[in-house]
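The block underneath contains the structure these notes are about, expressed in structure tokens.
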Amino acid sequence: MADTRATDETSDNTGGNHSSGDGNPESREVEKIRDLKSVLVTSVLNLEELDVNLYRGTHHWVPRSRRLFGGQIVGQALVAAAKSVGDDVYVHSLHCYFVRAGDPTVAVLYQVDHIRDGRSFMVRSVRAIQHGQPILICQASFHKLQPSPLQHQFTMPMVPPPEDLLTEEQLIHLYLTKPNVPEKLRQFLNQRLANEVPIEIKPIQPQPSLRRPATEPRKLFWVRAQGHIGEGNMKLHCCVAAYISDYAFLDTAMLSLADYKAKFFASLDHSMWFHTTFRSDEWMLYECESPWAANSRGLVQGRMWRRDGVLAVSCSQEGVFRVQPVNHRNKL
Ligand SMILES: CCCC(=O)SCCNC(=O)CCNC(=O)[C@H](O)C(C)(C)COP(=O)(O)OP(=O)(O)OC[C@H]1O[C@@H](n2cnc3c(N)ncnc32)[C@H](O)[C@@H]1OP(=O)(O)O
């Protein structure tokens with residue numbers, strides 16, 4: 001994992017002020033946390049080597065569903081795959097199926113198979129195993145740098161810079177100071193605050209209410225790993241991006257439906273394409289949209305933009321959604 005491709009320095013087109021010190025005690029507290037090494041690097045993505053091509057990963061944050069967070073399993077699988085390739089190749093894509101729910105009471109084993117080493121590309125297959133059964137199958141492909149005149153990308157959407165927006169946590173604190181917050185919503189928001197998700201989010205259009213109108217299934221937010229990671233190890237930044245990419249992604253498909261809630265939802269598969277260098281501990285704009293949903297499934301597609309407007313990562317995922325009307329008491 002020791003690759004040292006430098007992040008290319010380009011100017012920021014969001015018009016943001018890069019200094020985050022504003023004298024506010026809460027901001028200083030946030031900055032203190034930023035100085036700590038990210039728990040994603042020190043713990044979540046720090047796999048224990050058990051044998052040749054065999055690793056063990058432990059858990060950090062477990063969602064309310066009590067099944068393992070998909071991003072954690074994908075991120076750890078990519079760490080395992082990346083350990084088997086040299087410094088001269090960069091991960092360019094991965095394709096995964098979540099075949100069983102992950103059990104948060106036991107560790108996950110990662111078994112790496114070397115599928116092929118070519119002149120330009122190297123392919124690895126990783127099985128994440130619990131109780132002797134695969135919970136995730138993942139193919140990851142690595143590529144040497146091969147510059148070419150064929151180059152294009154979409155244009156990054158125009159949004160306010162992260163310095164002008166509040167984090168999800170700050171928005172919740174602000175909302176909770178309002179009078180007459182319904183008790184159920186207060187409990188839900190306090191639960192969210194108690195979550196130890198090692199990711200920071202700044203929504204572009206916050207919606208801190210449980211009841212929301214149906215909208216176009218599209219959302220944008222700034223996102224970065226909590227804590228410091230540092231420049232240098234591009235493969236590690238890709239593993240962190242894999243973790244981040246699964247958070248707040250799939251629920252984009254639910255935006256088109258008001259007055260229903262997902263009684264059960266889970267990601268079925270997850271694919272990613274890594275286009276260039278980026279820092280996962282610096283703000284990236286995550287543009288999420290759902291082009292289709294039907295038949296209890298929904299497709300989501302995402303783009304992660306560096307704040308200088310460079311498209312860094314593309315992702316897609318399909319999930320299963322079993323929905324019911326909000327006031328409907330029958331079990332689906
Ligand atoms: C938080 C962000 C998103 C994430 O990270 S989600 C985490 C990553 N993804 C996952 O954990 C998904 C792992 N995969 C799976 O669990 C399974 O493949 C998946 C998606 C449930 C599909 O399983 P099935 O083929 O349905 O398997 P199964 O027959 O064992 O059923 C599993 C549970 O679903 C239920 N089910 C199946 N068909 C149903 C239906 N038509 N209507 C209502 N319920 C249905 C079934 O009863 C079972 O429920 P239970 O577990 O016994 O309570």
Side-chain angles (χ1 to χ4, degrees), residues 40 44-45 57-80 94-110 126-139 168 188 191-192 194-201 203 217 219 221 223 225-226 239-255 257 260-272 286 288-290 293-302 304 313 315-325 328-332:
L40 283 168
V44 184
L45 299 174
T58 51
H59 322 311
H60 180 68
W61 164 71
V62 175
R64 279 201 311 162
S65 63
R66 305 304 303 157
R67 53 175 57 217
L68 286 183
F69 173 48
Q72 176 187 291
I73 315 171
V74 177
Q76 291 182 340
L78 186 57
V79 170
L94 59 82
H95 302 275
C96 304
Y97 278 103
F98 297 99
V99 292
R100 284 184 183 82
D103 176 357
T105 65
V106 295
V108 183
L109 299 181
Y110 293 90
V126 184
R127 277 156 44 106
I129 300 162
Q130 283 187 315
H131 305 295
Q133 306 264 31
I135 59 167
L136 173 99
I137 46 178
C138 174
Q139 266 81 48
E168 254 195 344
F188 171 79
Q191 261 170 10
R192 282 197 78 122
N195 279 346
E196 289 183 349
V197 189
I199 301 174
E200 288 179 69
I201 280 185
K219 66 176 173 181
F221 54 91
V223 66
Q226 195 175 66
C239 297
V240 173
Y243 184 100
I244 288 175
S245 66
D246 190 34
Y247 189 72
F249 188 28
L250 191 57
D251 60 3
T252 312
M254 284 291 291
L255 294 177
L257 189 65
Y260 277 79
K261 66 177 178 186
K263 181 84 183 149
F264 173 85
F265 80 110
S267 35
L268 297 168
D269 57 22
H270 191 76
S271 293
M272 299 184 76
Y286 200 6
C288 306
E289 57 198 7
S290 174
N295 198 25
S296 302
R297 301 197 315 275
L299 179 67
V300 287
Q301 294 172 337
M304 280 188 194
V313 184
C315 330
S316 61
Q317 178 173 108
E318 197 178 29
V320 53
F321 294 84
R322 294 186 179 129
V323 300
Q324 67 178 32
H328 200 286
R329 302 237 165 254
N330 293 342
K331 193 171 183 274
L332 281 183

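Both counts, for ligands and for their atoms, begin at 1 and track the order of listing. Remember, it's a predicted structure, so these values are computed and weren't measured experimentally.
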Legend entry - Minimal non-hydrogen separation, Asp246 against Ser267, with atom names: OD1-OG, 4.1 Å

Legend entry - Separation of Phe98 CZ from Glu318 CD (nearest 0.5 Å): 12.5 Å

Inset, instruction - Determine the minimum heavy-atom distance between Val300 and Ala253, stating which atoms define it. - result: CG1-N, 3.9 Å

Inset, instruction - Would you give the length of the straight line joining atom OH of Tyr260 to atom CD of Gln324, rounded to the nearest 0.5 angstrom? - result: 10.0 Å

Inset, instruction - Give the atoms of ligand 1, by number and element, whose distance to some non-hydrogen atom of Leu68 is under 4.0 Å. - result: 7 (C)

Legend entry - Residue-ligand contact Asp251/ligand 1, heavy atom below 4.0 Å: no

Legend entry - For Arg67, atoms of ligand 1 separated by under 4.0 Å from a heavy atom: 10 (C), 11 (O), 12 (C), 13 (C), 15 (C), 16 (O)

Inset, instruction - Would you give the length of the straight line joining atom CZ of Arg322 to atom NZ of Lys263, rounded to the nearest 0.5 angstrom? - result: 12.5 Å

Inset, instruction - Of the side chain and backbone of Ile135, name the one, both, or neither that has a heavy atom under 4.0 Å from an atom of ligand 1. - result: neither

Inset, instruction - Tell me, please: is Leu268 in heavy-atom contact with ligand 1, that is, under 4.0 Å? - result: yes

Legend entry - Contact (N/O only, under 3.5 Å) between Phe98 and ligand 1: yes

Inset, instruction - Taking His59 for its side chain and Val106 for its backbone only, find out whether a donor-acceptor pair lies under 3.5 Å. - result: yes

Legend entry - Contact check, side chains of Tyr243 and Pro198, non-hydrogen atoms, under 4.5 Å: yes

Legend entry - Residue selection (non-hydrogen contact nearest atom 2 (C) of ligand 1) among Val74, Ile73, Asp246: Asp246

Legend entry - Proximal candidate to atom 9 (N) of ligand 1 [heavy atom criterion; set Gly70, Ser296, Gly319, Ser267]: Ser267

Inset, instruction - Would you check the N or O atoms of Val99, main chain and side chain alike, for any that come under 3.5 Å of an N or O of ligand 1? - result: yes

Legend entry - Within-shell test, Pro63 vs ligand 1, heavy atom, strictly < 4.0 Å: no

Inset, instruction - For ligand 1, note which part of Arg322 has a heavy atom under 4.0 Å away: side chain, backbone, both or neither. - result: side chain

Inset, instruction - Evaluate the side-chain proximity of Met272 to Leu78: yes if any heavy-atom separation is below 4.5 Å, no if none is. - result: no

